[in-house]
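Right, one structure below, let's go through it.
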Amino acid sequence: MATTGTVDPALNKEYTNATTHQDHAVQNGQNLTQEQRPRYDYGGNPLARLNTGDSARFAAFGGEFQPGLYRPTTERKFANPAPLGLSAFALTTFVLSLINCGTRGLTEPNIVVSLAFGYGGLVQLLAGMWEMAVGNTFGATALSSYGGFWLSLAIVLTPGGFQIVAAYEADTAGANDFQNAFGFFLLGWWLFTTILLVCTLRSTVAFFFLFFTLDLAFLMLAISHLKAVNGKPNIPLEKAGGVFGLLAAFAAWYNALAGIADDSNSFFVIPVAHFPWSVKGRERRASRKTERETV
């Protein structure tokens, strides 16, 4: 959200808009002369998606749900929807993960149905649609998809509503049919999360950690159901999935706080730790190198 008045650049969520970045362009040889190009370069990667000109300026930031360079938001007419989607995801994941860990002896996830329909599902889906409105393809894809995940999970878990679990408990069904089917369901979400994880490798540690732990949570839970015995999931693997889910929930809340806190409402900036190989990391190394050369 834009603010008026003079603002300390150091409080501007660790990014500046003083320069224009060109992601991939120089690395792939697009702006180099024939003499400057390495011998192995033949004009750049024709499959690379290039960000040139003013198409991307701010460094990756999990508080905006942006894994790469993105356009300035000072003239944006909408508020930042990312913290809302992250918070909806975090709370729903937090509650379900506590149950997966067997906290206080709980084993039935029925309480999650309300959250999965109302907050993690509907609210997160709406946040994803608003991400589409502000032009964030990654945020729209991730938040809308995970909103759909929670809605679909709520449909599965609704007692007596859709009869999905009951259909796998018929006389002709095997003891582990539902567990295997639910394992396939979670395995698909693990694959999808892995795709998103790849897109965060050049972002920030906080943003990457969110998808890394979520990816492991889906994997552990999927295997726990696929290795079910007598219709019950593998307890150690399910608890491991719950632990990674809790880490993902806290990481989502952390990124949400980073997106909400700014110079207008906070005395400090939430550190998100850019990777050394990210655009922001390369800028800092180049700046330090220039300072050493001028001393």
Main-chain N/O of Ala252 paired with Asn255 side-chain donor or acceptor, under 3.5 Å: no
Separation between CG of Leu84 and CD of Glu131, rounded to the nearest 0.5 Å: 9.5 Å
Heavy-atom donor-acceptor pair, Asn265 side chain to Asp262 backbone, under 3.5 Å: yes
Straight-line distance of Asp215 CG to Phe211 CZ, nearest 0.5 Å: 10.0 Å
Distance, nearest 0.5 Å, that separates SG of Cys101 from CD1 of Ile99: 10.5 Å
Test item: Ile270 and Ile260 side chains (from C-beta on) under 4.5 Å apart, heavy atoms: no
Phe218-Phe149 aromatic ring centre distance below 6.0 Å: yes
Backbone of Gly245 reached by a side-chain donor or acceptor of Thr93 within 3.5 Å: no
Verdict with supporting geometry, Tyr119 and Ser87, side chain to side chain contact (heavy atoms under 4.5 Å, CB included): CA-CA 9 Å; Tyr119 197 33; Ser87 298; 3.5 Å; yes
Validation row: Ser145, Trp189 side chains within 4.5 angstrom (heavy atoms): yes
Non-neighbouring partners of Ser224 that pass side-chain hydrogen bond (donor to acceptor under 3.5 Å, both in side chains), sequence neighbours left out: none
Pair Phe250 + Tyr254: ring centers closer than 6.0 Å: no
Smallest separation among heavy atoms of Ala217 and Gly241, with atom names: CB-O, 3.6 Å
Shared hydrophobic cluster for Ile235 and Leu237 (ILVMFWY, side-chain gaps under 4.5 Å): no
Donor + acceptor pair across side chains of Thr193, Tyr146 (<3.5 Å): yes
Inter-residue atom distance Phe209.CZ - Thr200.OG1, 0.5 Å rounding: 12.0 Å
Side-chain heavy atoms of Leu125 within contact of Leu143, under 4.5 Å: no
Inter-residue atom distance Leu214.CG - Phe244.CZ, 0.5 Å rounding: 11.5 Å
Asn176 (side chain) donor-acceptor with Gly231 (main chain) under 3.5 angstrom: yes
Side chain to side chain, Phe117 and Thr158, heavy atoms closer than 4.5 Å: yes
Asn136 side chain to Met132 backbone, donor-acceptor under 3.5 Å: no
Contact summary for Phe162 and Ile155, nearest pair of heavy atoms: CD1-O, 3.4 Å
Pairwise distance OH(Tyr168) to CZ(Phe182) - rounded to 0.5 angstrom: 11.0 Å
Common cluster, Leu151/Leu96, ILVMFWY with side-chain heavy-atom separation under 4.5 Å: yes
Side chain proximity check, Leu196 to Phe138, heavy atoms < 4.5 angstrom: yes
Single-linkage hydrophobic cluster Ile111~Val156, side-chain heavy atoms < 4.5 angstrom: yes
Close side-chain approach of Phe275 to Thr204, heavy-atom, < 4.5 Å: no
Check: Leu226 and Asn180 side chains under 4.5 Å, non-hydrogen atoms: yes
Verify same cluster id: Leu210, Leu191 (apolar side-chain graph, 4.5 Å): yes
Same cluster (ILVMFWY, side-chain, under 4.5 Å), Ile164 and Leu157: yes
Expected output: side-chain Thr141 to main-chain Thr137 donor-acceptor under 3.5 Å: yes
Sequence-distant partners of Gln179, side-chain hydrogen bond (donor to acceptor under 3.5 Å, both in side chains), two or more places apart: His225
Side chain proximity check, Val272 to Val205, heavy atoms < 4.5 angstrom: no
Ring centres under 6.0 angstrom apart (Trp253, Phe94): yes
Centroid-centroid under 6.0 Å between Phe185 and Phe178 rings: no
Leu115/Leu91 under side chain to side chain contact (heavy atoms under 4.5 Å, CB included): CA gap, chis, key distance, verdict: CA-CA 8 Å; Leu115 283 172; Leu91 179 55; 4.2 Å; yes
